[in-house]
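Worksheet: the structure to be examined is printed underneath.
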Amino acid sequence: MDQFSSLIQKLFFLYICVVSVDAKNNNPFIKKILLMSFVTTPGLEDYQEEANLALIFDKYKDKFTTFPKEKGWMTEELYKYQGFWHQSKNVVSVETVMATQDTFQAFPTDIYLATLPKSGTTWLKALVFATVNRNMYKNKPLSAHPLQTSNPHNCLPFVECEVLKTSPTYVDAYLPRLFATHMPYTSLPQSILDSRCRIVYMCRKPKDVLFSLFHFANKLRGKSHIVMTFEEAFEMFTKGVIPNGPYWDHVKGYYKISLEQPTKIMFLTYEDMKMDTPKYLRRLAKFLGYPFTEEEEAKGMVEDIVSLRSFDNLSEVNKHGSLSIGIPNYAFFREGKVGDWRKHLTTEMSEMLDQITKEKFDGLDLVLTD
Ligand code: PAP
C-alpha cells in the first residue's frame, strides 16, 4: 500500500475511533490509546482491535476500582478479582477477563493452553501449533511455515484477546481453534468449563517462574527506567502478588481438575518437557487427538518438530521485531533452562520458597521444590 493510502486508512480509523469514544463519554485515556495506535500500529485488524480494546476498558472501568490493589510488575497496578491478581489496561487484563467471561463462546473442538506467565507459554504454543497443523504444511517449504517468521504468540492467540475481534474466530469442523490463556481455572468462562474441549496446562517450578518474570518485567520496565530489585520481586512473589497469581493457587486449580477429569485437562511440567521433549510431545499429541502415525514416526516427524521449535531455533527466528502490543519478540526467549534461579536466589530465599510450596501443596502428589 502506498504512503498516501496508508495515511488515509489511518485517518479513517482514527475518525471512527474518536467517534466511538465520544459516544462513550469522551474518555481521555481511551483517546490516548487510540492516538498511540495511530502512531505505532500497522494493519487494519490492529486498528479495529485497539478500538475494541478501548471500548472494553471503558465498559469495565468502574467494575474493579474497589477491588484490592497492589503495585504491578509490568503494568502500574494489579487488581484482585475472584481470588487472583490481574493486570489492568492491558490486552490480558482484568477488563478482558471480565469481557471474556461475559461473552466468550467455547466449542467442543477447541483446544486451550493454560499457563501462568513465564511457565513455558511461548514454547507450548509453538509445539501445539506445529503438531496440530502439521499436515497443512508438510508438503510446503519450511520457509512457508508461520513459525519460521512469526512469534508463536501471533500464531496462537490468547482467549482473552478474542473479545477484541470484530468477528469471532471461525469454527472449522476439521481443525480445532487453538487458544492460550493465563486465566485461573475457576475464572474460565462457563462455556469452556461446560464444553467437551481439551485443556493443556503447563506448570513450571516457582523459582524459575519468579526469576524469569523478574527479568521480563525489568525488560519492559527498562523503557521507563523504573526497574525493580530482586528483593522486591521476591517479596511480591511470596505474597502471591504476580500477574494471574498466586502461583500456588493457579497451579493447584488446574492440577486438581486434571486428576478428576484426565480426558479434559492434561497437566504437564516445563521441567519434564525439557528433560524429554519427544516423549511428552507424543503424549501431548495423543491427548489432543493428533497422535503421530507409524509413518510419521518413521520419517522422524516428532524429532523434526522438537528441533524446529527448540529454544535455539525459536529465539533465532524471533531475534528482531515485536508483537503489535509493542513487546519485542526476543523478550520471550531468555535462557530457556531449568534451574537458572540458582544464580540469584540466596539459600535463605530458596528455602523459604520451598517451605511455602510444600505447605501450599500439602496432600497433593505434586513436587515443585528443588
Ligand atoms: P509468557 O507467559 O509471557 O508468554 P513464557 O513463554 O511462558 O512467557 O515464558 C518465557 C520463558 O520460556 C523464558 O524462560 P527464562 O526466562 O527462564 O529463560 C523463555 O526463555 C522460555 N522459553 C521460550 N521458548 C522456549 C523454548 N523453545 N524452550 C524452552 N524454553 C523456552
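When a ligand or atom number is given, it counts from 1 through the structure's own listing order.
- In this structure, atom 8 (O) of ligand 1 lies nearest to the protein heavy atom K118 NZ, 2.9 Å.
- Within ligand 1, counting atoms from 1 as listed, the ones closer than 4.0 Å to a heavy atom of E335 are 18 (O), 20 (O).
- The backbone of R309, and not its side chain, has at least one atom closer than 4.0 Å to an atom of ligand 1 (non-hydrogen atoms only; backbone = N, CA, C, O).
- Under 4.0 Å is where a charged nitrogen must lie from a carboxylate oxygen, and between E297 and R282 at least one such pair does.
- At least one cation-pi condition fails for K274 and Y280: the charged atom is not both under 6.0 angstrom from the six-membered ring centre and inside a 45 degree cone around its axis.
- Looking at T121 against ligand 1, both its backbone and its side chain come within 4.0 Å, counting heavy atoms.
- Checked against the 6.0 Å centroid threshold, F234 and H344 do not count as a close aromatic pair.
- For the residue pair Q355 and E359, a side-chain donor N or O sits within less than 3.5 Å of a side-chain acceptor on the partner.
- Nearest non-hydrogen protein atom to atom 6 (O) of ligand 1 is T122 OG1, 2.4 Å.
- In this structure, F211 falls outside the shell of residues with a heavy atom less than 4.0 angstrom from ligand 1.
- Protein heavy atom nearest atom 17 (O) of ligand 1, with residue, atom name and distance: R204 NH2, 3.0 Å.
- Listed by number with element, the atoms of ligand 1 under 4.0 angstrom from any heavy atom of H153 are 4 (O).
- Donor-acceptor pairing under 3.5 Å is recorded for the side chains of D102 and Y60.
- Here S310 has backbone heavy atoms under 4.0 Å from ligand 1, and that is the only part of it that gets that close.
- Judged purely by distance below 3.5 Å, without hydrogens or angles, the side chains of S307 and N313 never pair a donor atom with an acceptor atom.
- With ligand atoms numbered from 1 in the order given, ligand 1 contributes 27 (N) to contacts under 4.0 Å with heavy atoms of L314.
- When non-hydrogen atoms are compared, ligand 1 lies under 4.0 Å from neither the backbone nor the side chain of M273.
- For a threshold of 3.5 Å applied to N or O pairs, the pair formed by G120 and ligand 1 contains at least one separation below that value.
- H153 and K125 are linked by a side-chain donor-acceptor pair at a separation below 3.5 angstrom, with hydrogens and angles left out of the test.
- Within the listing of ligand 1, atoms 2 (O) sit less than 4.0 angstrom from a heavy atom of H182.
- Side-chain contact, E95 with S93: a donor N or O sits under 3.5 Å from an acceptor N or O.
- Both tests pass for R134 against the ring of F292: distance under 6.0 Å to the centre and angle within 45° of the axis.
- Between P117 and ligand 1, no N or O atom pair is found at a separation short of 3.5 Å.
- The shell of residues lying under 4.0 angstrom from ligand 1, judged by heavy atoms, excludes T115.
- Atom 29 (C) of ligand 1 has as its closest protein heavy atom Y270 OH, 3.3 Å.
- Polar contact check, R334 against ligand 1: a nitrogen or oxygen pair lies under 3.5 Å apart.
- Inclusion of K337 in the set of residues having an N or O under 3.5 Å from an N or O of ligand 1 is not warranted.
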*Determine, stepwise, if the pair K252 / D249 fulfils salt bridge (charged side-chain N to carboxylate O under 4.0 Å, His left out).*
CA-CA 5 Å; K252 212 155 57 171; D249 302 30; 5.6 Å; no

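- Among the candidates F129, F311, Y270, F332, the single residue satisfying the ring-ring contact (aromatic ring centres under 6.0 Å, His included) test with W123 is Y270.
- Proximity of a side-chain donor or acceptor of Q87 to a complementary backbone N or O of P243 within less than 3.5 Å is not detected.
- For the ligand labelled ligand 1, residue M202 lies outside the 4.0 Å heavy-atom shell.
- Nearest protein heavy-atom neighbour of atom 26 (C) of ligand 1: W123 CG, 3.3 Å.
- Between the side chains of Q82 and T186, no donor-acceptor pair is found at a separation under 3.5 Å.
- The protein heavy atom nearest to atom 10 (C) of ligand 1 is F332 O, 3.8 Å.
- Not a single heavy atom of K125 sits less than 4.0 Å from an atom of ligand 1.
- Between the side chains of Y170 and D172, no donor N or O sits under 3.5 Å from an acceptor N or O.
- Of the heavy atoms in S212, both backbone and side-chain atoms come closer than 4.0 Å to ligand 1.
- For the pair G336 and ligand 1, the shortest N or O to N or O distance falls below 3.5 Å.
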